[in-house]
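Inspection log for the structure reproduced underneath, given as structure tokens.
Chain naming here is simple, since letters A, B, ... match the order of the sequence lines and numbering starts at 1 in each.
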Amino acid sequence: MATDFWSSSHNKRWIVDRATLKQARIDDLHYVENAEQLDFLNIYFANVISKLGKRLQVRQRVIATATVFFRRFYTKNSYCETDPFIVISACCYVAAKAEESPVHIKNVVSESRLLFSREILTTPAEHAADFDTEEEYGIKHFPSDNSKLAEMEFYLVHDLECDLIVFHPYRTLMALCGKEAILNVAEAGELGIGVDGGPRYWGTGEGKLELEEGPLQMAWFIINDTYRSELCLLYPPHMIAIAAIYLTLVLNVTTRAAIQTQAQAQNQPAPPPTRRSSRTSSSGTHKKAPQDIVGFMAGLNVSMSLVATIAQEIIALYTLWDRYKEDATPESSRSTFGRPPSSASAGTKRSAASRDTSVFMGSEELSTAGTPRLADDVVTPAFLTHLLFRMREARLADVSHPATGRPVAVNKMLERTQAAG
Amino acid sequence: MASDHPAVLDDNRREHSRPLSPQRGRDHDLEQISRPHTPTRGGRDELYSIVSQVGEGTFGKVYKARNAMNGLYVALKRIRMESERDGFPVTAMREIKLLQSLRHDNVVRLYEMMVSNGSVYMVFEYMDHDLTGILSQTGFSFTDAHLKSLCRQMLAGLAYLHHKGVIHRDIKGSNILVNNRGELKLGDFGLARFYQKRRRSDYTNRVITLWYRPPELLFGATVYGPEVDMWSAGCIMLELFTKKPVFQGTDEIHQLEFIFKILGTPSPERWPGVSDLPWYELVKPKEVIPNHFRDMFRKWLSPAGLDLAEQLLAFDPTKRVTAVQAMEASYFKDENPPAAMPVGLANLEGEWHELETKRERAKKRRRTDGGTQ
């Protein structure tokens, strides 16, 4: 089957290793204080894409695709040599078209203008002081001309090598939890949807995991959150989905209780004919026999060590995100992102939440117990916006007055072609 | 600087043609094509040199071009960008996505995408002829076995598309490509789209070139499926034998009248639900016409061929055969002669595309016009 994940460009060309990502950021690294700031930028950009996507009223899937496009673009370009804001707009614009729910270019331009001018205006005074005049902002104003965005779209599609088909973990999540009916509506126009059932493209698994609405939503939110990192470039989407399910099972109160019951049952000396049946039969506290969660995970037939690695990276992302605050003032932010996710184990209580929410947002009410943070430990969007300006300025200065006396090659595309030739 | 140039500091990347995926050959035979050439400015040393124009696609011209590295011919389809104020056309994006996910002997292969001089090109395998062109030439005559093979290959391509959940929505002579080895491939996916098998959804009914448009679309249906392609396939099947399009209407109403004249008027028994279609009251037949189909085509088609064509041209979309069913027809399975690929096309002089046929006709017309004056 030519349209499956394994033969797709996503799998063949766009799953990269850490070294490649490091290489892609090598220029940017000169203009930041530490590599961590680049990780914060990953969160920041994903948030901006998500905000723009919501303004454009596109589905979560379009936002996810736009984020993947953005990450792919920046495996070949540097933040300091480009204007990430117009790249973000172009990513949203292309993603909407690629996912069969196009938005008008004028709409993208006007919403981008509104959003980005606000992003810049939320600058707190201490950061604004770094900049000499108001005119500095003028440069960053988003072009009102449609053709600028259309031109950027051209470069974007070029660097994406016209590979517009992106796979996402949501599909695996829904397939594993037997919610394909919902999937069909949610992902109309996606490849292979018209194809009759067909086997899963990985693993053996016939097993289905029965998740209640709460845990299922939590897993969905965790997947949303993974786009704040570069995970979508590093691992296949179905592995990310399994890692999200794994985290949900451990962190969510009900599922964790089920696993604990199961583990206790296993430890009790019972005379089992087979292991599996003993597990399912020995704990009768629920109405029906609880499902064999551990057995389900084992039956997935994927590398559990890789799942654990991805889960670790997701937790690392949350630890970092904990220090990222949307609000400019540290006081108010504490109530928003005050807690590491491991303690957010009660999971989301919001039942009617929409699908674009993060786990963090979902656990807001739990965050009052969060430890207070020092202000200098915290990174704000305003700070990152200014960091981007400074990077860009410094890069421009370096290019026009190179310290080495030698002109710096700016066009990486040209560099690569020359190397190849 | 930033304000007059989005994102990139240097515009050099638009200057020279460069395959979009230089670092990896997708297939062994493509490694040559996919490898980047030495970058040089100016057009002469470009990877592909254009030989001639061979067609006009839904959103741009199609050229025959030669790969300078390996001498192989390709078809370059240029996506018009300058006329698109909204940037990359959504139809082009759809076609790229579709073709990247399709791989079948009877579907034209998209080798790669390429950017040159500010245009995006789709690089296809080169096909020597299209069906309209090849049926209009007189240098090679097709036997019944050849025509059976062409018909079967078309149905095999459609069966694959429909299995993949894709409706082509523009099956016609100039979109059916034939090469010198006698292979037939479906091309131009500019109007194609994915459809959902389980849930019927609303689409535009302004698709499919008029002569190949099924009656339900002419009656205004917006909820349809792959059956629309099967009607077009029926038209093509007849055209293989008659050498020219069968239902040549001038507008939607005339098109329906043309169809009725041959196939008769649809009765509620023949097509339950026809009267519920949106435009039925506007364009319904004024008088009852009997079906003349068999009388008219008996001299062209064999009995089993007539049966299949009739099933493809069923008025009621629910009764129309699917591509898979059509391939199982007695016409292919039992009736002699068995299908044979028209391999003799290799000896045919020239390349036959609709574009050339049209130009030839125009030239002739000019000549005769000049003669009468």
Side-chain angles (χ1 to χ4, degrees), chain A residues 2-3 7-9 12-13 77 81-84 86-87 90 93-94 97-98 100 102 104-105 138-141 143 146-158 160-165 184-185 188-196 392 396 399 410-411 413-414 416-418 420-421, chain B residues 1-16 18-24 26 35-40 81 84-90 93-94 96-98 100-104 112-115 118 120 122 162-167 193-199 201 226:
Chain A
T3 56
S7 56
S8 69
S9 60
K12 285 183 173 169
R13 291 184 237 158
N77 297 277
E81 287 185 350
T82 54
D83 174 0
I86 195 164
V87 176
Y93 184 47
V94 175
K97 281 197 255 187
E100 297 283 349
H104 200 280
I105 190 164
I139 299 173
K140 298 312 291 181
H141 266 317
N146 293 358
S147 65
K148 287 283 182 288
L149 182 58
E151 191 181 352
M152 184 58 232
E153 182 196 30
F154 179 90
Y155 297 128
L156 174 66
V157 173
H158 187 173
L160 294 177
E161 300 177 21
C162 289
D163 292 330
L164 304 170
I165 302 168
N184 252 358
V185 181
E190 198 204 356
L191 280 170
I193 280 301
V195 179
D196 302 305
R392 181 82 187 260
L396 281 171
V399 170
V410 184
N411 192 334
M413 178 80 63
L414 194 62
R416 271 203 307 275
T417 343
Q418 277 163 350
Chain B
M1 173 141 202
S3 58
D4 59 27
H5 207 294
V8 247
L9 294 177
D10 194 328
D11 198 25
N12 273 336
R13 56 173 71 184
R14 269 191 164 193
E15 292 282 321
H16 43 244
R18 187 185 70 97
L20 284 174
S21 51
Q23 54 281 61
R24 47 241 140 175
R26 279 169 220 185
R35 197 171 297 156
H37 66 299
T38 321
T40 39
M81 296 289 284
E84 291 287 339
R85 259 186 255 139
D86 291 358
F88 213 97
V90 69
M93 212 166 266
R94 195 180 277 162
I96 293 165
K97 268 183 70 182
L98 279 161
Q100 282 175 342
S101 55
L102 299 173
R103 181 77 60 94
H104 188 265
E112 62 180 355
M113 301 297 301
M114 188 184 77
V115 172
V120 180
M122 305 173 78
H162 296 167
H163 167 70
K164 284 288 187 188
V166 173
I167 325 179
R193 66 163 298 151
F194 288 107
Y195 73 98
Q196 287 179 278
K197 282 191 177 167
R198 275 165 242 172
R199 209 168 53 95
S201 9

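Under the 3.5 Å distance criterion, the side-chain polar atoms of B:Lys97 are matched with a main-chain donor or acceptor of A:Ala98.
To the nearest 0.5 Å, atoms CZ (B:Arg94) and NZ (A:Lys97) are separated by 11.5 Å. Atom CD1 in A:Ile105 sits 13.0 Å away from atom CZ in B:Phe88 (nearest 0.5 Å). Here the NE2-CE distance, from A:His158 to B:Met114, works out to 10.0 Å after rounding to the nearest 0.5 Å.
Considering only heavy atoms from C-beta on, A:Asp163 stays 4.5 Å or farther from B:Met113 through its side chain. Side-chain contact between B:Gln100 and A:Ser8 is absent, with no heavy-atom pair separated by less than 4.5 Å.
Here the closest heavy-atom approach between residue A:Ala150 and residue B:Gly87 is recorded as CB-CA, 3.7 Å. In terms of heavy atoms, B:Ile96 sits closest to A:Cys162 at CG2-O, 3.8 Å.
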